[in-house]
Amino acid sequence: EYYEQFVEIDPWFALRAAEAWALAGDTSRALSNLHMLTTGAWDGNSGVVEHNWALAPICNLPEFKAIVAQLSQHRK
(Lines give C-alpha, C1' and ligand atoms only; values in the text may rest on other atoms or scores of the structure.)
Protein backbone atom coordinates (compact mmCIF):
# COMPACT_ATOMS: atom_id res chain seq x y z
CA GLU A 1 0.00 0.00 0.00
CA TYR A 2 2.94 2.34 0.58
CA TYR A 3 3.88 2.61 -3.10
CA GLU A 4 0.28 3.01 -4.24
CA GLN A 5 -0.05 6.36 -2.53
CA PHE A 6 2.60 7.85 -4.83
CA VAL A 7 1.35 6.57 -8.20
CA GLU A 8 -0.13 9.93 -9.17
CA ILE A 9 3.20 11.62 -8.48
CA ASP A 10 5.24 9.12 -10.46
CA PRO A 11 3.76 6.16 -12.40
CA TRP A 12 6.87 4.09 -11.65
CA PHE A 13 5.44 3.56 -8.18
CA ALA A 14 2.69 1.45 -9.78
CA LEU A 15 5.40 -0.91 -10.98
CA ARG A 16 6.96 -1.05 -7.53
CA ALA A 17 3.55 -1.74 -5.98
CA ALA A 18 2.90 -4.48 -8.54
CA GLU A 19 6.22 -6.08 -7.68
CA ALA A 20 5.46 -6.00 -3.97
CA TRP A 21 1.97 -7.45 -4.42
CA ALA A 22 3.19 -10.17 -6.79
CA LEU A 23 5.82 -11.25 -4.29
CA ALA A 24 3.24 -11.15 -1.49
CA GLY A 25 0.95 -13.42 -3.49
CA ASP A 26 -1.81 -10.89 -4.19
CA THR A 27 -2.26 -11.43 -7.91
CA SER A 28 -5.28 -9.16 -8.22
CA ARG A 29 -3.56 -6.13 -6.73
CA ALA A 30 -0.38 -6.80 -8.68
CA LEU A 31 -2.30 -6.87 -11.96
CA SER A 32 -4.33 -3.82 -10.98
CA ASN A 33 -1.17 -1.80 -10.41
CA LEU A 34 0.35 -3.02 -13.68
CA HIS A 35 -2.82 -2.02 -15.49
CA MET A 36 -2.28 1.54 -14.23
CA LEU A 37 0.87 1.63 -16.35
CA THR A 38 -1.23 1.20 -19.49
CA THR A 39 -3.50 4.13 -18.69
CA GLY A 40 -1.06 6.60 -17.18
CA ALA A 41 1.98 8.56 -18.19
CA TRP A 42 4.43 5.73 -17.59
CA ASP A 43 7.45 6.15 -19.84
CA GLY A 44 9.08 2.80 -19.24
CA ASN A 45 9.87 -0.01 -21.62
CA SER A 46 7.63 -3.10 -21.69
CA GLY A 47 10.75 -5.23 -21.15
CA VAL A 48 11.09 -3.75 -17.68
CA VAL A 49 7.79 -5.42 -16.86
CA GLU A 50 8.12 -8.54 -19.00
CA HIS A 51 11.56 -9.55 -17.69
CA ASN A 52 11.13 -8.44 -14.08
CA TRP A 53 12.12 -11.13 -11.58
CA ALA A 54 9.75 -9.74 -8.95
CA LEU A 55 6.80 -10.27 -11.28
CA ALA A 56 7.71 -13.91 -11.92
CA PRO A 57 4.77 -15.20 -9.81
CA ILE A 58 2.31 -13.66 -12.29
CA CYS A 59 4.25 -13.66 -15.58
CA ASN A 60 2.45 -16.68 -17.05
CA LEU A 61 -1.03 -15.28 -16.53
CA PRO A 62 -2.96 -14.19 -19.63
CA GLU A 63 -3.77 -10.88 -17.95
CA PHE A 64 -0.07 -10.19 -17.43
CA LYS A 65 0.72 -11.01 -21.04
CA ALA A 66 -2.07 -8.70 -22.21
CA ILE A 67 -0.67 -5.83 -20.14
CA VAL A 68 2.81 -6.39 -21.57
CA ALA A 69 1.32 -6.35 -25.09
CA GLN A 70 -0.49 -3.07 -24.33
CA LEU A 71 2.71 -1.53 -22.99
CA SER A 72 4.58 -2.62 -26.12
CA GLN A 73 1.98 -0.95 -28.33
CA HIS A 74 1.92 2.17 -26.18
CA ARG A 75 5.64 2.78 -26.75
CA LYS A 76 5.44 2.60 -30.56
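With sequence neighbours excluded, no residue satisfies side chain to side chain donor-acceptor pair (under 3.5 Å) with Thr27. Residues satisfying the side chain to side chain donor-acceptor pair (under 3.5 Å) test with His35, not counting sequence neighbours, are Thr38. Here Ala54 pairs with Glu19, Leu23, Asn52 under the side-chain contact (heavy atoms from CB on, under 4.5 Å) rule; sequence neighbours left out.
Using a 4.5 Å heavy-atom cutoff, the side chains of Leu31 and Ile67 are in contact. Residues Leu34 and Leu15 have side chains in contact (heavy-atom distance under 4.5 Å, counting atoms from C-beta outward). Counting heavy atoms from C-beta on, the side chains of Val49 and Phe64 come closer than 4.5 Å.
For Ser72 (side chain) and Val68 (main-chain N/O), a donor-acceptor pair under 3.5 Å exists by modelled atom type.
Leu37 and Ala14 make their closest contact through CD2-CB, 3.8 Å (heavy atoms, listed as atom of the first residue, atom of the second, distance).
Here side chain to side chain donor-acceptor pair (under 3.5 Å) pairs that include residues 55-65, with residues two or more places apart or in two chains, number zero.
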